[in-house]
Amino acid sequence: MKEPSCDEKEAVERVNFIQQRIVGDLAAEENSGQVHTRFPPEPNGYLHIGHAKSICLNFGLAKKFAGACNLRFDDTNPAKEDVEYVDSIKEDVKWLGFDWGENEFFASDYFSRLYDYAIQLIELGKAYVCDLSPDETRKYRGNLQEPGRNSPFRERSVPENLDLFTRMRAGEFADGSRVLRAKIDMASGNMNMRDPVIYRIAHVEHHRTGDKWCIYPMYDFAHGLSDAIEGITHSICTLEFQDHRPLYDWFINQLDTLVKPQQIEFARLNLSFTVMSKRKLMQLVNDNLVSGWDDPRLPTLSGLRRRGFTPESIRNFCERIGVAKRNSMVDVALLEHAVREDLNKRAARYMAVLRPLKVIIENYPEGQVEELDAVNNPEDESMGRRKVPFARELYVEQDDFMEDAPKKFFRLTPGREVRLRYAYYIRCERVEKDEAGVVTALYCTYDPATKGGSSPDGRKVKSTLHWVAAKTAISAEVRLYDRLFSDPDPAAEKDGEPFTKKINSDSLNVLENCQLEPALAAVASKQTVQFERLGYFIFDEQDSDSEKPVFNRTVTLRDNWAKKAKAQQNQNRKKK
RNA sequence: AGGGGCGUCGUCAAGUGGUAAGACACAGGUUUUUGGUGCCUGCAUGCGUAGGUUCGAAUCCUACCGCCCCUGCCA
């Protein structure tokens, strides 16, 4: 082993602006030296890699400063939320490797306390019941250029407000007929301060509180106060909430809470060649453009998991992208790098032929089978060795043979000798074709003296191929996944084209007749393996059955040859 | 009558007045029984622009330019 630990340490030591803030707070002895964060998803959808950034940040900060991080479900809008989502969120956070221990909370647990806070606000003369319709409210709010106007209900007396609000809660009024509003400033340049709604009426069953409530607090009111209730010191959220901070502080200050949490905003993650917004992901799923929330092409955590991404690689990715306030678009190549780096060290190697081409070793005895010795992982000897059966009839990759090979092509071609990994040197003697001229089989000879893959006379061979013995091979389905979109920024829709039109038509390629070495039958599920020379693949538990295993490609290996070949092709095309 | 943010390599991102880290990507080389991995090398006289302050400016000042967010009884 070299010293990657040194690099890792440096990466961990990197201090972002939030850490600097916290260090400052600690030095100033704010919050009696405590650091308490929270990850606050609304249970209305599945988590994606953007959430992973937030999870790593919040739990990471808690760990770094010896504090705690709560998992809090921000479930204040029952119309959109469901337990299905809270379960998947918990599963995903756990899978990512974070443990919230006892600190699992729900904003809905605080409905009573939030209601009491609202009463206090009314008593303070800082909130009023407003009878304006949603449409009228919007008109009174003004716009970016012009100030708003006070609601005609703004000057209601405290007793009247108390009476009305109590009756709102009691269910006397229809949805949309009244709201409770904070009395702040209808002329504020900040739209959020123009007497924001803090409670609305919704006769909707809540997934946790049932029909106990028919009024629900709005985000701005519930969030900061929930932070205060939980003793959160640093409430970290994304940039679009910057304008909400004055309101966040306003509630906390009016109500004089024990803890004064502070909101800090950072830039959300954007990844090239994918979309991250809940609305767009939802559309892909609903329009059946993908197979579901866990489609391996999606940036959802369930999709990435099914694709074969490891929690470690995602955490490492989040560490590398950093935390700042600049809107940015991270190259998906960095994510791919992170997973290759992790899997290179840990994935067991196997041989699998995805597009089989029959090879017959004419001078190899019919019926004979040899068990050859193979290494499971050249990066880690402790992973041991295994036996691979070799016989007269084999399969190699169609891509590994060319009848008329260009100069730089090192693989099989008539007359050339190559090495079969862990086996022998073979030479292609002749080719069998069908009527259409398609190559159907290769007739080769082997050199018995090269057993194991090296020649006693020291002669070199330019390439080593993976292979599988025909008789003992396992037949499998392999799904080759690629980027879902062909456009680096599909969400931009600059040209007026909807993002769904930018789906990469090559994002999924299903191969039915793949041939695997027999050891793959025993592969522990959920463990990503490397198919030598091809990439990393994971067994798909959902779609595999006893008849036929299914593997998903996580990512290809880096492939300089493919790159060169492609570049050359493009050049030829230009010449023509 | 507007308010709030942000501009450092193709992409992220350090830098907090002392002479532009690192990562990915890219390009070469080398090792190699994976065209993988590893290793080596190259890759911003430049920090949105223009002025100014200073012995010294990405960092301070001034003006301009560009991009993002805000007019839900969503979060």
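Throughout, a chain's letter reflects where its sequence line sits, starting with A, and its residues are numbered from 1. Keep in mind that what you see is a predicted model, and the values were worked out from it rather than measured.
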What integer distance in Å separates [X]:[atom1] from [N]:[atom2]?
X: F410(A); N: rU34(B); atom1: CZ; atom2: P; result: 14 Å
X: E319(A); N: rC24(B); atom1: CD; atom2: C1'; result: 15 Å
X: I264(A); N: rG5(B); atom1: CD1; atom2: P; result: 14 Å
X: D559(A); N: rA25(B); atom1: CG; atom2: C1'; result: 16 Å
X: I321(A); N: rA14(B); atom1: CD1; atom2: P; result: 11 Å
X: N327(A); N: rU8(B); atom1: CG; atom2: P; result: 12 Å
X: L269(A); N: rC68(B); atom1: CG; atom2: P; result: 19 Å
X: N316(A); N: rA13(B); atom1: CG; atom2: P; result: 16 Å

Hey, does the Lys NZ or Arg CZ of R421(A) hover above the aromatic six-ring of W467(A), less than 6.0 Å from the centre and inside 45° of the axis? no
With a 4.0 Å cut-off on heavy atoms, is [X] in touch with a base, just the backbone sugar-phosphate, or nothing at all?
X: Y422(A); answer: base
X: E265(A); answer: nothing
X: R419(A); answer: base
X: S454(A); answer: base
X: Q242(A); answer: sugar-phosphate
X: A79(A); answer: nothing
X: R181(A); answer: nothing
X: M329(A); answer: sugar-phosphate
X: F409(A); answer: base

So among Y115(A), Y199(A), Y110(A), which one has a ring pair (Phe, Tyr, Trp, His ring centres under 6.0 Å) with F221(A)? Y199(A)
Could you give the distance separating [M] and [N] at their [atom1] atoms, to the nearest angstrom?
N: rU45(B); M: rU19(B); atom1: C1'; result: 11 Å
N: rG3(B); M: rU59(B); atom1: C1'; result: 27 Å
N: rG2(B); M: rU62(B); atom1: C1'; result: 23 Å
N: rC24(B); M: rC61(B); atom1: C1'; result: 37 Å
N: rA13(B); M: rG7(B); atom1: C1'; result: 14 Å
N: rG17(B); M: rC60(B); atom1: P; result: 8 Å
N: rA50(B); M: rG10(B); atom1: C1'; result: 27 Å
N: rA23(B); M: rU8(B); atom1: C1'; result: 15 Å

For [X] and [Y], which I'm curious about, is there any donor-acceptor pair between the side chains at under 3.5 Å?
X: D195(A); Y: Y140(A); value: no
X: H223(A); Y: R38(A); value: yes
X: D82(A); Y: H207(A); value: no
X: Q263(A); Y: E265(A); value: yes

Please enumerate all protein N or O atoms sitting under 3.5 Å from an N or O of nucleotides 27-30 of chain B, with distances to 0.1 Å.
none

What's the closest nucleotide to the side chain of [X] if the choices are [options]?
X: R326(A); options: rC68(B), rU34(B), rA13(B); result: rA13(B)
X: N16(A); options: rA14(B), rC12(B), rG36(B); result: rA14(B)
X: P378(A); options: rC68(B), rG36(B), rA13(B); result: rG36(B)
X: A324(A); options: rA14(B), rC26(B), rU34(B); result: rA14(B)

Which is more 5' along RNA chain B, the nucleotide nearest N344(A) or the one nearest P147(A)? Just name the residue. P147(A)
Start at the 5' end of RNA chain B and walk down; is the nucleotide closest to A187(A) or to L420(A) reached first? A187(A)
What are the two closest non-hydrogen atoms of [X] and [Y], and how far apart are they?
X: Y424(A); Y: P448(A); answer: CE2-O, 3.6 Å
X: M402(A); Y: P406(A); answer: SD-CD, 3.6 Å
X: I201(A); Y: S177(A); answer: CD1-OG, 3.9 Å
X: M383(A); Y: R346(A); answer: CE-O, 3.3 Å

Residues within residues 331-343 of chain A bordering RNA chain B, heavy-atom distance below 4.0 Å: D331(A), A333(A), L334(A), H337(A)
Measure centre to centre between the rings of F111(A) and Y216(A), then say whether the value is under 6.0 Å. yes
Centres of the Y350(A) and F551(A) rings: under 6.0 Å? no
So, do E81(A) and V86(A) sit near enough that their side-chain heavy atoms are less than 4.5 Å apart? no
Using O4'-C1'-N9-C4 for purines and O4'-C1'-N1-C2 for pyrimidines, with syn meaning within 90° of 0, is rG46(B) syn or anti? syn
Could you classify rG52(B) for me, syn or anti, using a glycosidic angle within 90° of 0 as syn? anti
Once each nucleotide of nucleotides 70-75 of chain B is scored for protein heavy atoms under 4.0 Å, what B/S/- sequence comes out, 5' to 3'? BBSBSB
Treating a pair as Watson-Crick (purine N1 to pyrimidine N3 plus N6-O4 or O6-N4) or G-U wobble (N1-O2 and O6-N3) with both distances under 3.5 Å, list the stems of 3 or more consecutive pairs that involve RNA chain B. B:2-7 with B:65-70, B:10-12 with B:22-24, B:26-30 with B:38-42, B:48-52 with B:60-64
Under a 4.0 Å threshold between the charged nitrogen and the carboxylate oxygen, would D135(A) count as salt-bridged to K139(A)? yes
For the pair R268(A) and E240(A), find out whether any cationic side-chain nitrogen is under 4.0 Å from an anionic carboxylate oxygen. yes
Quick one: is rG15(B) close enough that its OP1 or OP2 comes under 4.0 Å of any side-chain N or O from Q20(A)? yes
Under 4.0 Å: is that the gap between some side-chain N or O of R320(A) and OP1 or OP2 of rC12(B)? no
Can you list the steps and then say if D227(A) with R72(A) is a side chain to side chain contact (heavy atoms under 4.5 Å, CB included)? CA-CA 9 Å; D227(A) 283 342; R72(A) 178 167 81 235; 2.7 Å; yes
Can you give the donor-acceptor pairs under 3.5 Å from side chains of residues 274-281 of chain A to other protein atoms, not counting sequence neighbours?
| residue | atom | partner | partner atom | Å |
| --- | --- | --- | --- | --- |
| S277(A) | OG | K280(A) | N | 3.1 |
| K278(A) | NZ | N44(A) | OD1 | 2.5 |
| R279(A) | NH2 | Q283(A) | OE1 | 3.4 |

Hits for side-chain contact (heavy atoms from CB on, under 4.5 Å) against N286(A), two or more places apart or cross-chain, chain-then-number order -> M282(A)
